[in-house]
Amino acid sequence: MDPYRLPRHVVPTRYEIRLEPDLVTASFLGTETIAVTVNEPTTEIVLNAADLSVTQASLENDRGQRSSATIALEENLERCRLTFPASITPGSWRLTLVFNGILNDKLRGFYRSSYKDAAGVSRTLAATQFEATDARRAFPCWDEPAFKAVFASTLAIDPALTAVSNTRIVSERREGHRKVITFADTMKMSTYLVAFVVGELESTTPMSVGRTPLRVWCVPGKVKLAAFGQDVGVASLRFFEEYYGVPYPGDKLDLLAIPDFAAGAMENLGAITFRETALLVDELQATHAEQERVADVVAHENAHMWFGDLVTMSWWTGIWLNEAFATFMEMLAVDAWKPEWRRWTTFGVSRAAAFAVDGLWSTRPIEFEVRAPRDADAMFDVLTYEKGASVLRMLEQYLGPEVFRDGVRRYLRDHAYANADTSDLWAALGNAAGTPINAMMDGWILQPGFPLVAARRDGGDLVLSQQRFTYRPEPLEPFVAASGSRDQRWQVPIQVRFGTRNGDRVVRLVLDGADARVPIPAGSDHTLVNEGGHGFYRVRYADDLLDPLLRRLPDGLQPIERFNLVSDAWATVLAGLTSVTQYLELSARFTAERDRNVWASLLAALSALNRVIAPADRPGLEGFTRRLVAPAAAELGWAPRPGEDELTRQLRGDLLRALGTLGNDPAVQAEAARRYAASLTDAAAVDPNVLPALIAILAHVGDADRYEEFVRRFRAATTPQEEQRYLYALAAFQRRELLAQTLERAVSGEIRTQDAPFVVRTLLMSVYSREMAWDFVKRRWDQMDRLYPKHGLRRMCEGVIGLATPELERNVHAFFTERTINLGGKTLEQYLEQLRVAVALSEREGEALASYLRRFS
Ligand code: BES
Ligand code: ZN
């Protein structure tokens with residue numbers, strides 16, 4: 001019997017919860033009455049509780065039987081064991097518990113968040129974050145997703161405050177010096193979706209979607225930043241009701257911006273919580289990317305109201321059913337809302353992020369065993385989200401969008417208010433498709449990794465063959481145990497486009513063996529594998545197939561296809577299949593490129609090289625970067641042209657930033673300083689998409705005065721996005737004494753603990769700060785562990801991938817060998833293997849790279 005799982009002889013059906021939070025003493029009192037069904041005679045009830053003190057427990061039924069329990073808390077297992085003096089008979093009972101707890105500062109369970117009001121005075125609010133397993137820190141409960149129940153909540157609060165929970169308010173009354181608010185019953189749902197927020201909150205006027213009022217809530221003074229989030233909230237809710245063919249399952253929908261928030265956002269039914277950057281934005285001052293972020297997150301959480309909330313995975317092993325689906329639906333909804341954003345092209349960046357981990361021996365299958373809470377937390381990674389969503393996109397394109405949607409509708413109808421597993425999804429989709437899909441999909445969900453599809457010509461045929469893609473020939477001993485094997489196969493749905501003089505011909509096939517042959521049509525002048533870019537595989541072309549594709553740049557291929565070409569080529573460099581100089585020659589053919597995602601891929605590779613080269617080679621890389629970027633940047637200039645689209649504006653910012661930082665271009669740096677100064681007196685002087693680039697460039701070359709200035713601006717920021725730009729700028733300086741200050745700020749409480757781990761991660765990734773940041777992390781590890789929210793260290797440690805020199809790598813190994821650190825799941829193994837891939841690149845290619853770059857210095 002797994003000690004982390006609760007026995008099922010007693011199950012809850014309805015919770016009546018009353019909580020009385022006190023923001024001043026940072027504590028709360030609670031009582032609850034849980035309607036339970038006892039399935040077999042027992043003297044024991046076991047449920048979850050953590051960091052709570054449970055003072056009374058008693059059971060009664062409608063026949064007037066009553067029994068009090070002795071209470072034992074099992075701290076390590078986060079359980080509460082109630083023992084009754086005599087056996088309880090099967091049937092319906094009510095379990096009443098009295099308990100109390102603290103409002104913690106760790107952004108989990110029921111916690112405290114603080115902010116400064118307009119007068120600069122510190123204020124507090126209380127909020128909850130329960131996923132994956134922290135509802136048990138707010139009230140004792142059966143804290144597993146399959147124990148669905150109805151929740152009827154009451155909050156007794158300071159009358160000056162406002163309270164929001166999952167459902168509408170049904171009554172509000174005074175009891176002594178407390179305001180007592182009772183909320184309507186929720187639908188039958190999992191504990192991790194319950195939410196409470198209590199504080200001085202302001203809201204927008206509700207907008208209606210059918211019968212659902214939708215509002216945005218935030219701390220006072222910020223409602224002016226809520227319109228964009230509310231708009232995308234309304235648009236995506238409409239989109240989903242139509243797509244899913246099932247009405248929104250709640251009775252209202254509130255979107256709440258919480259000043260301290262560990263994740264990006266959380267899909268509590270009817271009361272979605274967000275970090276401020278993910279919901280509040282000033283449309284006129286924000287970049288395209290910042291707006292897209294808000295749209296993404298809002299659409300994602302809305303998508304969960306059905307996928308996750310209405311139908312829930314049975315156990316955390318299947319969390320991809322929630323997260324991959326919400327990510328996939330987020331794309332569909334945002335794409336429908338703003339087709340001009342070409343959201344599916346940008347999704348290529350996410351797919352590439354999944355490849356980066358899934359190409360490791362330390363990857364895992366999408367569905368993966370989970371026992372302890374820490375391992376449940378580690379499931380929230382790129383494999384669950386980005387690989388999962390990519391695989392769904394591939395399937396959707398393979399089955400056809402309507403068939404796929406019909407299958408989704410059936411799945412939701414069949415499992416509403418209940419739980420489901422991956423096989424249930426395949427059954428519903430297979431049913432809609434009229435053909436079983438398990439065999440194909442099992443390969444993608446239950447096997448780790450992905451295929452590299454090699455394409456070559458053989459006479460008149462195109463020959464496609466598959467092989468598992470791995471960066472390294474062997475797992476990394478002794479840290480990494482291989483997941484899966486070298487000779488895995490997949491059923492790969494492939495679309496090939498043959499370009500002929502009479503137009504394009506697309507051929508579809510499923511590559512399920514080692515290889516397949518496709519006749520090349522007469523007159524074909526180019527062959528593109530993974531046409532449309534939806535496949536979750538990488539492609540390696542033989543030279544005679546690659547050359548015609550490169551001749552078609554920039555516009556003879558779709559943006560996603562160009563993106564994949566670059567991204568796949570770079571992956572083969574890391575895997576040792578292509579030389580780095582070959583890759584740089586290839587990237588030099590992209591000077592006429594105008595898609596920001598393709599550029600993102602090109603620039604990310606240069607940043608990765610920057611981390612593995614010797615300092616003496618840096619001027620060469622700077623020169624190469626300038627040569628690559630300058631033509632496009634020169635054409636775009638510094639200011640938008642009338643009628644220019646948003647993506648081009650964003651690209652301008654991206655290119656200028658690259659020139660001014662990685663390219664170290666003095667002219668760009670000087671012009672950035674002039675334009676930044678101008679923007680301070682006239683905000684309209686600089687396009688919002690360019691301003692963050694200016695800030696990054698000025699930090700890169702900044703002195704102590706600039707640092708002080710940016711600290712002030714960080715503190716005085718008027719939008720969450722502005723605050724973030726200055727915050728991350730503090731990690732982008734080059735001078736040691738300034739970077740040391742930023743590190744201190746990351747543990748002093750000045751930087752919110754929701755952000756600090758990410759700032760440290762950035763410092764670990766920067767060649768100017770990585771050594772000192774790593775020293776700091778080692779020395780302050782325990783302090784950080786106490787201070788940061790639970791995902792914090794896991795996220796922060798991702799930065800060790802940037803410690804890409806042989807000495808630093810040895811040091812990293814020593815640290816993690818000496819201290820047994822568990823980041824959950826396979827997280828640490830993955831970081832160490834990624835670090836090895838980077839260092840191996842420098843060992844393999846360092847000399848060739850140095851001599852190649854020399855001519856650009
Ligand atoms: N369910 C998650 C929030 C979450 C993440 C809870 C990790 C517990 C652990 C939520 O739906 C989510 O996925 N949020 C994302 C943002 C989203 C747009 C990808 C996040 O928090 O990063
Ligand atoms: Zn999610």
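Order of appearance sets the numbers: ligands from 1, and atoms from 1 within every ligand. Start at 1 with the first residue, then count along the sequence. Computed from a predicted model, the values in this text were never measured in an experiment.
Close N/O approach between G264 and ligand 1 is found [any backbone or side-chain N/O within under 3.5 Å]. Considering both main-chain and side-chain atoms, T327 never comes within under 3.5 Å of ligand 1 through any nitrogen or oxygen pair. Polar contact with ligand 1: present for H304 (N/O pair, distance under 3.5 Å). Annotation: E301 places an N or O atom under 3.5 Å from an N or O atom of ligand 1; distance criterion only. No N or O atom of Q129 sits closer than 3.5 Å to an N or O atom of ligand 1. Between E330 and ligand 1, not a single N/O pair is under 3.5 Å apart.
Y192 and F130 have their aromatic ring centers separated by at least 6.0 angstrom. Ring centroid separation for the pair W142 and F151 does not come in under the 6.0 Å cut-off.
Between F110 and F196, the ring planes lie tilted relative to each other; the angle falls in the 30° to 60° range. Note: Y248 and W306 have perpendicular aromatic rings, judged against thresholds of 30 and 60 degrees for the angle between ring planes.
Cation-pi check for R371 over W316 is not met; the charged atom does not lie both under 6.0 angstrom from the ring centroid and within 45 degrees of its normal.
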If you apply the rule side chain to side chain donor-acceptor pair (under 3.5 Å), what do you find for W217 with T204, and how did you get there? CA-CA 7 Å; W217 294 86; T204 59; over 6 Å; no

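The nearest protein atom to atom 3 (C) of ligand 1, hydrogens excluded, is given as A265 O, 3.1 Å; this is a heavy-atom distance. The closest protein non-hydrogen atom to atom 5 (C) of ligand 1 is F380 CD2, 3.7 Å. Closest to atom 13 (O) of ligand 1, if we only count protein heavy atoms, is Y385 OH, 2.6 Å.
In summary, the atoms of ligand 1 found under 4.0 Å from a heavy atom of E267, numbered by their order in the structure, are 1 (N), 2 (C), 10 (C), 11 (O). Those atoms of ligand 1 that come under 4.0 Å of a heavy atom in H791, given as number and element, are 9 (C).
When distances to the Zn ion (ligand 2) are checked against a cut-off of 2.8 Å, E323 contributes an N, O or S atom below that limit.
The closest donor-acceptor contact from the side chain of K252 to the backbone of G270 lies under 3.5 Å.
Taking 4.0 Å as the cut-off between side-chain N and carboxylate O, R351 and E386 do not count as a salt-bridged pair.
Side-chain atoms of H288 and Q650 include no donor-acceptor pair closer than 3.5 Å.
With the Zn ion (ligand 2) at the apex, H300 NE2 and H304 NE2 define an angle of roughly 100° (rounded to 10 degrees).
Residue contacts with ligand 1 for E131 involve both N, CA, C or O and side-chain atoms from C-beta outward (heavy atoms, distance under 4.0 Å).
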